[in-house]
2 protein chains.
Amino acid sequence: MQSKADGTVGKALAVLELVAGFERPVRFSELQGTSDYPKATLYRLLQTLTKQRMLSYDPDSGTYTLGVRLVCLAHAAWKTSSLAPIARPYMDKLSEKTGETVHLAQLDHAQVIYVDKRNASQPLPMYSEAGKVGPAYCTGVGKAMMAYLPEDQLADVLAQQSWHRFTDGTLAEEDALRAELVAIRERGHAYDREEHEPGIICVAVPIRNDSGRVLGALSITSSTLRSSLDKLDSFVPLIRDTTNQIARETQNWRFPETKATA
Amino acid sequence: MQSKADGTVGKALAVLELVAGFERPVRFSELQGTSDYPKATLYRLLQTLTKQRMLSYDPDSGTYTLGVRLVCLAHAAWKTSSLAPIARPYMDKLSEKTGETVHLAQLDHAQVIYVDKRNASQPLPMYSEAGKVGPAYCTGVGKAMMAYLPEDQLADVLAQQSWHRFTDGTLAEEDALRAELVAIRERGHAYDREEHEPGIICVAVPIRNDSGRVLGALSITSSTLRSSLDKLDSFVPLIRDTTNQIARETQNWRFPETKATA
DNA sequence: AAATACGGTTCCACTATATGAAACTAAAAT
DNA sequence: ATTTTAGTTTCATATAGTGGAACCGTATTT
């Protein structure tokens, strides 16, 4: 089983993720094959989730898919939990000014999650790339965020990296990365020097609140064909400006009515 | 209590939705105020969800928000459960050809959920947004889908409508709506004659699979200032074409490998 | 046509889990 | 110093989940 599923909800969520993993409508038997829950248990779990509309069941084909309630919740999540709704107008502006791909990412567990994105050319519909996860140790946003993590958290995150060598440039060991993080703190922004995907480069700046806590990161990404680190460098003041504005707005927003008693 | 929450997962999900409802980071006590779960129960539920990363807890402020795991699942849901990924290229084409706002919606419970959207070349401000839900009885997509529901399901859906009179044109009672549904079946598409928002009109066509089951609906929306029902009417063949193509592709896609045994 | 295998669903005795009133702790307000 | 508020833990009890096995309908084989 993929993780320690304490409690019933844990199991239910594991099943949900199991269904999600297939990325297509899936039959009961297929699920049973990939799960070690006993048949009856799995069955009941699926039923519960279906009744709760977290899954939807197509009686024609006898398949389960992720339910719409999930999409609704996600809408709320996107609006609430992440920086996305605040950052949105700023990302638009940044995208317009630079003409390059803009990413908004947050750190979760030990991975980077892309919360929003602006494509270089076409305006993206909502969930297109948002929700994807990526490694922290070899992406601009990941490194930018890690650079400002308190030591205990950093150690925790570092311990969980896969250190897979995606390209020649990948910093595939802790020492090298720690050195890099120092450099990032010194200059205030991170680079991705084709460390994750060949030909893809970026600059990233962390978004931090007043107390210095890392909230997320913004990056501008391009390719070695179209641009260079030097060129991207010229965007840094603009990005930093944007991250600061976002950080400031976050402060107001997170406590809209601390004292409200109505 | 918002709904019959059978089982522990039901309760957990109710809590999740409770948090979602606030649309902002929320304190324990606030949640306690809006829920009738006893303190300890609510507390444990929150803890479980947090441990499962469906919620995230900010120790600085003592607030809960929807967690990233939700966003990840939603990403998968959007890609799998809905018509969205299939419909996407068709929506692009439709949007390009018509220059008007295009909506893709599905019916859930008794409500319409907007699964994807393309803005018009000059976008109008309006309610809908990807992930948002809306009423079924007074939207083009809602009526288009209801028109082709089997009677038992239809009755069920109708019974759950709020019948709020948003505008003068709103069909705010079952009889009127049923008559309208007959008309829709006769002509094969539905109109929204400013029934939900003043000045907003649309034509909608259902997406149905071979067996006639309603999968969703496509609509083209505009305003009375810019267009008219007559003008929108001219889009109908194009929309119908698109829905047919989407429906066809759905068939293939839902069983990518019925016989695969690897 | 009868026999069999398969995918899915239901049963039910058993027990792990969730429950919630109340007690407790820390911090803030008076 | 005392009270209130907000959040956390305890624990006996009850409830909800468990899973082996039996069951059922349909498709496949003989």
Side-chain angles (χ1 to χ4, degrees), chain A residues 1 3-19 22 24-52 54-65 254-262, chain B residues 1-19 22 24-52 54-65 211 254-262:
Chain A
M1 181 77 312
S3 62
K4 68 277 131 182
D6 69 321
T8 316
V9 273
K11 285 174 205 167
L13 291 172
V15 170
L16 211 56
E17 219 137 65
L18 194 63
V19 175
F22 277 84
R24 63 176 174 80
V26 61
R27 279 226 171 67
F28 175 82
S29 51
E30 300 182 272
L31 291 168
Q32 211 209 142
T34 3
S35 153
D36 9 283
Y37 292 121
K39 224 202 314 195
T41 302
L42 180 61
Y43 180 73
R44 237 172 322 97
L45 244 20
L46 285 169
Q47 270 204 161
T48 307
L49 287 167
T50 304
K51 206 181 321 174
Q52 295 294 333
M54 295 298 280
L55 290 178
S56 80
Y57 178 71
D58 178 356
D60 286 3
S61 59
T63 55
Y64 296 90
T65 48
R254 287 184 86 86
F255 311 104
E257 45 204 298
T258 318
K259 287 271 176 189
T261 332
Chain B
M1 175 78 317
Q2 43 263 44
S3 62
K4 68 278 130 179
D6 69 324
T8 317
V9 273
K11 286 173 204 167
L13 290 173
V15 170
L16 209 57
E17 218 135 66
L18 194 63
V19 175
F22 277 85
R24 63 176 173 79
V26 61
R27 279 225 173 67
F28 176 81
S29 52
E30 299 183 272
L31 290 169
Q32 209 208 144
T34 2
S35 154
D36 11 279
Y37 292 121
K39 219 189 341 181
T41 302
L42 180 62
Y43 180 72
R44 235 172 322 98
L45 244 19
L46 285 169
Q47 270 203 160
T48 306
L49 287 167
T50 305
K51 206 181 320 171
Q52 296 293 335
M54 295 296 281
L55 290 178
S56 80
Y57 178 71
D58 178 357
D60 286 3
S61 58
T63 56
Y64 296 90
T65 48
S211 31
R254 288 182 87 87
F255 312 104
E257 46 205 298
T258 317
K259 288 270 176 191
T261 332

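Note: hydrogens, waters and symmetry copies are ignored here, and every other heavy atom, side chains too, is used. A note on names: the letters A, B, ... follow the listed sequences, proteins ahead of strands, and every chain is numbered from 1.
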TODO: Flag the pair B:V9 / A:V9 as yes when at least one side-chain heavy-atom distance between them is below 4.5 Å, and no otherwise.
DONE: yes
Which nucleotide, [options], lies nearest any side-chain atom of [X]?
{"X": "A:R44", "options": "D:dG20, C:dT19, D:dT18", "answer": "D:dT18"}
{"X": "A:F28", "options": "D:dT9, D:dT8, C:dT9", "answer": "C:dT9"}
{"X": "A:P38", "options": "C:dA21, D:dG19, C:dT9", "answer": "D:dG19"}
{"X": "B:K11", "options": "C:dT19, C:dT9, D:dT8", "answer": "C:dT19"}

Spacing between [X] atom [atom1] and [N] atom [atom2], to the nearest angstrom:
{"X": "A:L46", "N": "C:dG7", "atom1": "CG", "atom2": "P", "result": "16 Å"}
{"X": "A:Y37", "N": "D:dT18", "atom1": "OH", "atom2": "C1'", "result": "12 Å"}
{"X": "A:Y43", "N": "D:dG17", "atom1": "OH", "atom2": "P", "result": "15 Å"}
{"X": "B:E30", "N": "D:dG7", "atom1": "CD", "atom2": "C1'", "result": "14 Å"}

*asked:* Determine whether a donor-acceptor pair (one donor, one acceptor, N or O, separation below 3.5 Å) exists between the side chain of B:K39 and the base of C:dG20.
replied: no
Is it the case that the base of D:dG7 and the side chain of B:R27 share a donor-acceptor contact (distance under 3.5 Å, atom types as modelled)? no
Walking DNA chain C from its 5' end, the first of B:A40 and B:T48 to be reached, judged by nearest nucleotide, is B:T48
Is the phosphate of D:dT5, meaning OP1 or OP2, less than 4.0 Å from a side-chain N or O of B:S29? no
TODO: Ignoring backbone atoms, test whether B:T8 places a side-chain nitrogen or oxygen under 4.0 Å from the OP1 or OP2 oxygen of D:dG17.
DONE: yes
